[in-house]
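Report on the following structure.
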Amino acid sequence: MNTELLPITTDSLRRAGALIQEGQLVAFPTETVYGLGGNALDEQAVLNIFRAKERPVDNPLIVHIASREQAFPLCRWTDLADTLADAFWPGPLTLLLPRTALVPDVVTAGLSTVALRLPDHEGALAFLASCGRPVAAPSANRSGRPSPTTAQHVLEDMAGRIPLILDGGISQVGLESTVLDLSGEHPTVLRPGAVTPEQIAMVAGSCEVADSVMRPLQADERAPSPGMRHRHYAPQGRLTLVQGHPDAVAREIGRLYDAQPGARILAMHSHLALYGDRPVSDLGLDAADAAHRLFYLLRSFDAQGVPRIFSETLPPTGLGLAVMNRLARAAEFDIIKV
Ligand code: AMP
Ligand code: MG
């Protein structure tokens with residue numbers, strides 16, 4: 001199959017909408033990462049998503065909608081969902097709500113909840129409007145690789161597997177959405193993202209964070225969010241995190257780096273001077289910069305065949321929690337404390 005990469009225009013949107021209505025797949029930009037979309041109400045189209053990504057079928061998809069009203073037939077909507085949608089939609093917040101029979105089992109991996117999101121991206125919203133139906137879309141990477149934040153990244157993973165990629169430039173947030181479970185007694189973050197537990201608590205009154213967010217799952221443990229179970233976000237080179245006082249971290253990373261030809265270092269901008277004249281990849285000034293750059297940098301290391309990566313950690317508060325959740329999983333929890 002030939003894979004076209006097109007800018008977002010009236011023509012490419014019309015073509016994208018027609019492909020989705022025929023049961024085909026289209027990759028599209030959002031503010032978080034690029035999504036791989038298919039008609040959420042067409043079981044065959046959804047199965048094609050799993051096939052193109054080589055994704056295990058026990059890992060459910062997020063259903064993307066162009067308006068809040070589009071969610072109503074798919075779930076048991078609640079007042080709290082309204083309050084959160086008022087505050088954070090369109091935006092990087094996915095709500096888990098009890099599903100209706102309209103949603104095919106394959107979308108939710110047989111779970112009783114459906115994941116819903118209204119993205120904050122002009123191109124994504126235009127694409128969803130042209131589809132005229134809810135679109136199931138996980139990140140547009142091959143399973144296990146870092147999520148794509150550019151159309152070029154999608155092409156690397158999906159060339160020959162899907163007919164169309166819509167190019168909307170670089171994704172602003174750079175990490176996948178916050179997944180918030182509203183089906184239990186208290187709103188609970190299952191996957192941290194750019195909408196933080198602190199922000200959710202301000203609006204919802206309270207917000208819990210699943211304790212699996214910052215630790216590996218045990219072999220026999222049921223994952224609250226199935227995506228957390230699989231090896232995830234991983235670069236091809238082995239990644240190790242070093243945690244502690246910045247001076248001690250830079251000393252340890254410097255020592256490790258010097259012993260490993262071809263290794264790379266990830267560090268916050270304010271620490272660059274601590275690494276002397278070693279070349280360091282800059283994670284930026286704050287957690288938002290680090291979120292925006294992380295997957296991009298990991299993918300650039302893959303493209304260069306980098307065998308070994310050493311990274312600083314961030315305080316796990318605010319958006320730092322989401323960055324650390326991805327970094328720790330990309331490192332398969334190989335974390336050195338100094
Ligand atoms: P992706 O966009 O590729 O990160 O995939 C969507 C993620 O949303 C999955 O990895 C799941 O962890 C999460 N998700 C989607 N639906 C549900 C659900 N019904 N219950 C729990 N987690 C879900
Ligand atoms: Mg993903």
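For ligands, and for the atoms within them, numbers begin at 1 and follow the listed sequence. Residues take their numbers from the sequence shown, with the count starting at 1. As the structure is a computational prediction, the values presented were derived from the model and not from experiment. What's counted below: heavy atoms across the whole structure, side chains too, no hydrogens, waters or symmetry copies.
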What residues form a ring pair (Phe, Tyr, Trp, His ring centres under 6.0 Å) with Phe310, not counting sequence neighbours?
none
Neighbour count >12 (heavy atoms, 6.0 Å) for atom CD, Glu185
no
Any nitrogen or oxygen of Thr113, side chain or backbone, less than 3.5 Å from one on ligand 1?
yes
Sphere of radius 2.8 Å around the Mg ion (ligand 2) - protein N, O or S atoms inside
Ser139 OG
Quick test of your reading of the structure: of Leu96, Asp181, Asn59, whose heavy atom lies closest to atom 18 (C) of ligand 1?
Leu96
Tell me whether the rings of Trp77 and Trp89 are parallel (<30°), tilted (30 to 60°) or perpendicular (>60°).
tilted
Quick look: Arg55 vs ligand 1, heavy-atom contacts under 4.0 Å, and the answer is side chain
Ligand-residue contact atoms, ligand 1 with Ile62, heavy atoms, under 4.0 Å:
2 (O), 6 (C), 8 (O)
Ligand 1 atoms in contact with Ala115 (distance to a heavy atom under 4.0 Å)
15 (C), 16 (N)
Evaluate Leu84 against Leu95 for side-chain contact (heavy atoms from CB on, under 4.5 Å), listing each step before the verdict.
CA-CA 9 Å; Leu84 288 162; Leu95 299 178; 4.3 Å; yes
With the side chain counted from C-beta on, respond yes when Arg55 and Leu61 share a heavy-atom pair under 4.5 Å apart, and no when they do not.
yes
Flag side-chain contact, heavy atom, 4.5 Å: Thr240 against Arg308:
yes
Glu176, any N or O under 3.5 Å of ligand 1 N or O
no
If two hydrophobic side chains count as joined below 4.5 Å and joins carry through other members, does Leu118 share a cluster with Leu182?
yes
Evaluate the ring pair (Phe, Tyr, Trp, His ring centres under 6.0 Å) criterion for residues His153 and Tyr296: first the C-alpha distance (whole Å), next the side-chain angles of each, then the deciding distance (0.1 Å), finally the verdict.
CA-CA 9 Å; His153 291 169; Tyr296 189 90; 5.4 Å; yes
Short N/O distance, under 3.5 Å, between Lys53 and ligand 1?
no
Pull out every atom of ligand 1 sitting under 4.0 Å from any heavy atom of Leu111, numbered as shown with elements.
18 (C), 19 (N), 20 (N)
Honestly curious: do Leu274 and Ile309 fall in one hydrophobic cluster under the side-chain, below-4.5 Å linking rule?
no
Per-atom contacts of ligand 1 with Arg191, taking only distances under 4.0 Å to non-hydrogen atoms
1 (P), 4 (O), 7 (C)
His292-Gln172 side chain donor-acceptor pair, cut-off 3.5 Å:
no
